[in-house]
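Here is the structure we will look at, set down as structure tokens.
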Protein chains: 2
Amino acid sequence: MGMLPGLIGFNLRCAHLALFQHFSATVGQEDITAPQFGTLLLIEANPGISQSAIAGALRFDRSTLVQIIDRLEGRDLVVRQVSPKDRRSHALRLTESGFALLEQLKELAISHEDDVAGALSTDERDQLIDLLKKLYSRG
Amino acid sequence: MGMLPGLIGFNLRCAHLALFQHFSATVGQEDITAPQFGTLLLIEANPGISQSAIAGALRFDRSTLVQIIDRLEGRDLVVRQVSPKDRRSHALRLTESGFALLEQLKELAISHEDDVAGALSTDERDQLIDLLKKLYSRG
DNA sequence: TATTGTTATACTCTATAACTATA
DNA sequence: TATAGTTATAGAGTATAACAATA
């Protein structure tokens, strides 16, 4: 395998691929992608949040958020309301079905998480998250 | 941010994104993507390797390898030879320019690696790779 | 029958650039 | 002049399905 197994990038790629596939097979049963799931969580935690704020938090372009919200709104999980404070921006909220689905998704996500972290102890899991945060929290 | 910061998947995604962008800005100067780089390394380490073997090692579909090799062959970095052992398969080898470019790429990759791992100690770096391997080496 | 590579095709994810409405 | 969102478009990355040649 040459130098590949010693590179952070290669191992990150493999892990990301494996997790992504497992996510699709579990949480994805409900036809939700990881960016969509993250968006729903942010709206739940911050009712009335704007598209740009989500884009900033998830490190996406504004135009990418348009498409994510389009799909979620098309499925009646999210509504765009005109913000009373700034009429350029949209205040996003979960619908009833949005809340209901998100509850299911969170349960699926937890069992997905437990499943993929099955090979790790609790300490190792915390360590891993810590190291990953260090990796992307600067630069 | 809701439950996001506590999820392995979210942190893996952010780290992967950050590394991918850094890779593009450094190793990618030579118009080489991560899968192309991995492919070149595998061919160098295993002259005469087949497309399917690479696909297996990198966890890609066979049809994806066709396109990767197409691009590398189009740039005269790799050649497809008919395998003497199994005339269905292609024995892949680096060209002179392939070898030359790969030398440059390896240097770039090492400094890319040092750069992104700058926030980590040597121990932490080894730990991270170890934990990532555990994550994808089963299931 | 099974496997290697190929083709044609399509889908997802993401971004860029130009636009509008509002600030 | 700057910002929020939108549109149209494009590119990268990857996969599926059907096919030819070979095993």
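Below, read A as the first sequence line, B as the second, and so on, with proteins coming before strands; counting in each chain starts at 1.
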Going by the angle between their ring planes, with limits at 30° and 60°, are A:Phe23 and A:His112 parallel, tilted or perpendicular?
-> perpendicular
Which nucleotide in C:dT22, C:dT6, D:dG5 has an atom nearest any side-chain atom of A:Arg62 = D:dG5
Name the closest nucleotide to the B:Arg88 side chain, picking from D:dT3, D:dA21, C:dC13.
-> D:dA21
Ignoring backbone atoms, test whether B:Ser52 places a side-chain nitrogen or oxygen under 4.0 Å from the OP1 or OP2 oxygen of C:dG5.
-> yes
Roughly, in whole Å, what's the span from CG in B:Leu92 to P in C:dT4?
-> 13 Å
What nucleotide, of D:dG13, C:dT14, D:dT22, holds the atom closest to the side chain of B:Arg71?
-> D:dG13
Side-chain (A:Gln36) to main-chain (A:Ile68) donor-acceptor, under 3.5 angstrom = no
Specify the separation, in whole Å, of atom CD of A:Glu73 and atom P of D:dG5.
-> 12 Å
Sub-4.5 Å side-chain heavy-atom contact between A:Leu12 and A:Leu132 = yes
Round to a whole Å and report the spacing from CZ of B:Phe20 to C1' of C:dT14.
-> 10 Å
Any donor and acceptor pair, going by atom type alone, linking the side chain of A:Gln127 with main-chain N or O of A:Glu124 inside 3.5 Å?
-> no
Closest to side chain of B:Ser63, choosing from C:dG5, C:dT3, D:dA17 | D:dA17
Calculate the interatomic distance between A:Leu65 atom CG and C:dT14 atom C1'; express it in whole Å.
-> 11 Å
Nearest whole angstrom, please: distance from the C1' of D:dG13 to the CZ of B:Arg59.
-> 18 Å
OP1, OP2 of C:dT3 versus side-chain N and O of B:Arg87: anything below 4.0 Å?
-> no
Between P of D:dA18 and CG of B:Asp61, the distance in whole Å = 14 Å
Roughly how many Å is it from CD1 in A:Ile54 to C1' in D:dA4, rounded to a whole number?
-> 13 Å
Base, sugar-phosphate, or nothing: which does A:Ser89 touch, judged by heavy atoms less than 4.0 Å apart?
-> sugar-phosphate
Nearest-nucleotide pick for B:Arg13, side chain only, options being D:dT14, C:dT6, C:dC13 | C:dC13
When all nucleic acid strands are considered with a 4.0 Å heavy-atom cut-off, which category describes A:Thr33: base, sugar-phosphate, or nothing?
-> sugar-phosphate
B:Pro84 or A:Asp86: which one's nearest nucleotide on DNA chain D is closer to the 5' end?
-> A:Asp86
Separation between CZ (B:Arg125) and CG (A:Leu135), nearest 0.5 Å, reads 10.5 Å
Tell me: NE2 of A:His90 to P of C:dA23, nearest whole Å?
-> 12 Å
Quick one: which of D:dG5, C:dT4, C:dT6 gets closest to the side chain of B:Gln51?
-> C:dT6
